[in-house]
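Just so it is clear, the values below take in all heavy atoms, side chains as well, and ignore hydrogens, waters and symmetry mates. Naming: A, B, ... by sequence-line order, numbering from 1 per chain.
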Amino acid sequence: MTDTKGGTCLSCGGSSFTKDRSRGEMICTSCGLVASDHILDRGPEWRAFTAEDRKARERTGAPMTLRIADKGLSTTIDWRNKDASGRPIGGQRRASIYRMRRWHRRTRARGSNYRNLISALSEMERLASQLAVPRDTQETAALIYRKALKKKLVRGRSIDAVVAASIYLACRIHRIPRRLHEVSVESRATRKEVGQSVRLVLSQVDVKVPVASARDLIPRLSSDLGFKGETVKRATEIIVKARRRGITVGKDPGGIAGAALYIAGILEEDRRTQRKVAKAAHVTEVTIRNRYKDLVRSLGISFGLDPTA
DNA sequence: AAGACGAAAGTGGTTGA
DNA sequence: TCAACAACTTTCGTCTT
């Protein structure tokens, strides 16, 4: 409990508030009203300097706060200026009731968006930790989701799908190799739904997302398969060349990355079976073979001579 | 026996009339 | 809404190591 902030309490008219940092709540010091509904909207003010601080607020702060804020006023306030026994209410008390009514209306008007955001953010938290997505990437995801929400893209489709899409896109922006199917496996939405949401968000929301590249998948795949450094380097070269020839467009990046690693493995005498590579890359052996053929043909790779180039 | 290869048919999704 | 289509998968038989 530390700093106090300006403003007027809607319940008692008091002007002093206590801020509970761990919960992100604003509490009126004279009547105890939890007045915190704006905290969600003040994105920038949420910035904290330590990881713990940020974590504490992001996780439990917003949703819990809102839940509390709503709880206090979930009943309707009668419009007549009478008290329970029918006597008229006057003076300061009356003004205070009026303010409460207005506040109540406002909360309700924005209520559906808030409610949506609450469940979305908690789902996002769950998904992100499941996928080991870093904090800043998660923030990007939250931002994308908010934009989508503002554009009414969530209407009529599942929150989970749009959340998953936001995380997937945020990962791509931050070049964190998370593939669509990985995200959808952890999501409650199906791969199809997530995919559709990704496309929708991509077309409607103003985010620039780099194209998914096979290159970004190399580090993960190679560590899964235990390739040595030289092999990884060579695989990366192969992909760079392949992209320059334009034979990577429209193909599953997993297949390309897998095939490049497979080829590099042969060239570097660091071989893995197609089966293993395919499994790690989440494609079939056939796809590895097809990409392998494409790559070998268009890059003129030969396996006979000592590969020193 | 395991791995590599390729043909053929099937799947789920996009695109364009 | 439907058909054509591209990418990928499944399945399976055959060759190679």
Side-chain angles (χ1 to χ4, degrees), chain A residues 148 153-158 160-169 171-172 177-205 207 209-218 220-222 224-228 231 234-235 238-307:
Chain A
L153 299 181
V154 193
R155 262 253 197 101
R157 87 193 57 240
S158 89
D160 291 343
V162 182
V163 165
S166 306
I167 288 190
Y168 171 73
L169 288 172
C171 284
R172 265 172 61 180
R178 294 288 177 278
R179 311 196 38 214
L180 189 58
H181 90 267
E182 296 179 87
V183 177
S184 52
V185 160
E186 301 298 341
S187 171
R188 280 190 278 262
T190 66
R191 207 195 72 86
K192 179 182 167 184
E193 291 170 324
V194 178
Q196 285 170 339
S197 301
V198 166
R199 253 177 296 116
L200 188 74
V201 171
L202 223 40
S203 64
Q204 298 294 312
V205 176
V207 280
V209 180
V211 209
S213 159
R215 193 179 167 172
D216 300 325
L217 290 169
I218 291 287
R220 260 188 86 197
L221 275 184
S222 51
D224 283 353
L225 293 162
F227 278 115
K228 62 182 187 186
T231 314
R234 188 172 281 272
I238 291 172
I239 288 179
V240 170
K241 278 193 213 160
R243 191 153 49 183
R244 230 173 269 149
R245 311 243 169 157
I247 59 168
T248 59
V249 288
K251 307 290 201 305
D252 185 341
I256 311 238
L261 273 169
Y262 177 72
I263 294 171
I266 296 171
L267 292 171
E268 294 290 333
E269 316 254 297
D270 188 19
R271 235 182 143 121
R272 299 292 179 282
T273 63
Q274 290 183 354
R275 179 191 299 255
K276 280 184 182 157
V277 174
K279 199 178 164 200
H282 296 286
V283 293
T284 62
E285 296 169 55
V286 180
T287 301
I288 295 287
R289 282 200 287 274
N290 289 335
R291 292 298 82 76
Y292 163 87
K293 266 191 298 178
D294 292 347
L295 289 173
V296 168
R297 183 162 37 80
S298 67
L299 299 181
I301 294 170
S302 63
F303 300 102
L305 296 162
D306 176 50

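Counting to the nearest Å, the P atom of B:dC5 and the CD1 atom of A:Ile263 are 10 Å from each other. Atom pair A:Leu200:CG and B:dG13:P shows a separation of 16 Å (rounding to whole Å applied). One interatomic measurement links the two molecules: CG of A:Asn290 to P of B:dA7, which rounds to 10 Å at whole-angstrom precision. Rounded to a whole Å, the CD atom of A:Gln274 is 15 Å from the P atom of C:dT10. When the P atom of B:dG6 is taken as reference, atom CG of A:Asp294 falls 12 Å away, rounded to whole Å. Look at CD1 on A:Ile256: it is 13 Å from C1' on C:dC8, rounded to the nearest Å. Between A:Leu180 atom CG and C:dC8 atom P the separation is 14 Å, expressed in whole Å. Summarising the geometry, the separation between NZ on A:Lys251 and P on C:dA6 is reported as 11 Å, rounded to the nearest angstrom.
When A:Arg245, A:Arg289, A:Lys251 are each tested for a side chain to side chain contact (heavy atoms under 4.5 Å, CB included) with A:Asp294, only one passes: A:Lys251.
The side chain of A:Lys293 has B:dG6 as its nearest neighbour among B:dG3, B:dC5, B:dG6. Of all nucleotides listed (B:dC5, C:dC8, B:dA7), B:dC5 comes nearest to the side chain of A:Tyr262. Listed nucleotides B:dG6, B:dG13, B:dA4 differ in distance to A:Thr273; the shortest reach to its side chain belongs to B:dA4. For A:Arg271, whose side chain is taken as the heavy atoms from C-beta onward, the closest listed nucleotide among B:dA4, B:dA7, B:dG13 is B:dA4. Checked against B:dC5, C:dA7, B:dA4, the side chain of A:Tyr292 finds its nearest nucleotide in B:dC5. Out of C:dT10, B:dG13, B:dC5, the shortest distance to the side chain of A:Arg289 is found at B:dC5.
Not counting sequence neighbours, A:Phe227 has no partner by the ring-ring contact (aromatic ring centres under 6.0 Å, His included) test. With sequence neighbours left out, A:Glu193 forms a side-chain hydrogen bond (donor to acceptor under 3.5 Å, both in side chains) with A:Thr190.
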Dot-bracket encoding per residue of DNA chain C, Watson-Crick/G-U cut-off under 3.5 Å, | denoting interstrand = |||||.|||||||||||
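For A:Glu182 and A:Arg220, the salt-bridge test passes: some basic side-chain N is under 4.0 Å from an acidic carboxylate O. Checked for salt-bridge contact, A:Asp252 and A:Arg179 meet the test: a charged N lies under 4.0 Å from a carboxylate O.
When every heavy atom of A:Arg272 is checked against every heavy atom of A:Leu225, the shortest pair comes out as NE-O, 2.9 Å. Scanning all heavy atoms of the two residues, the minimum distance from A:Ser187 to A:Asp160 falls at OG-O, 3.8 Å.
In this structure, A:Arg191 does not reach the B:dG13 phosphate: none of its side-chain N or O atoms is under 4.0 Å from OP1 or OP2.
Map A:Lys192 and A:Lys276 each onto its nearest nucleotide of DNA chain B; the residue landing nearer the 5' end is A:Lys276.
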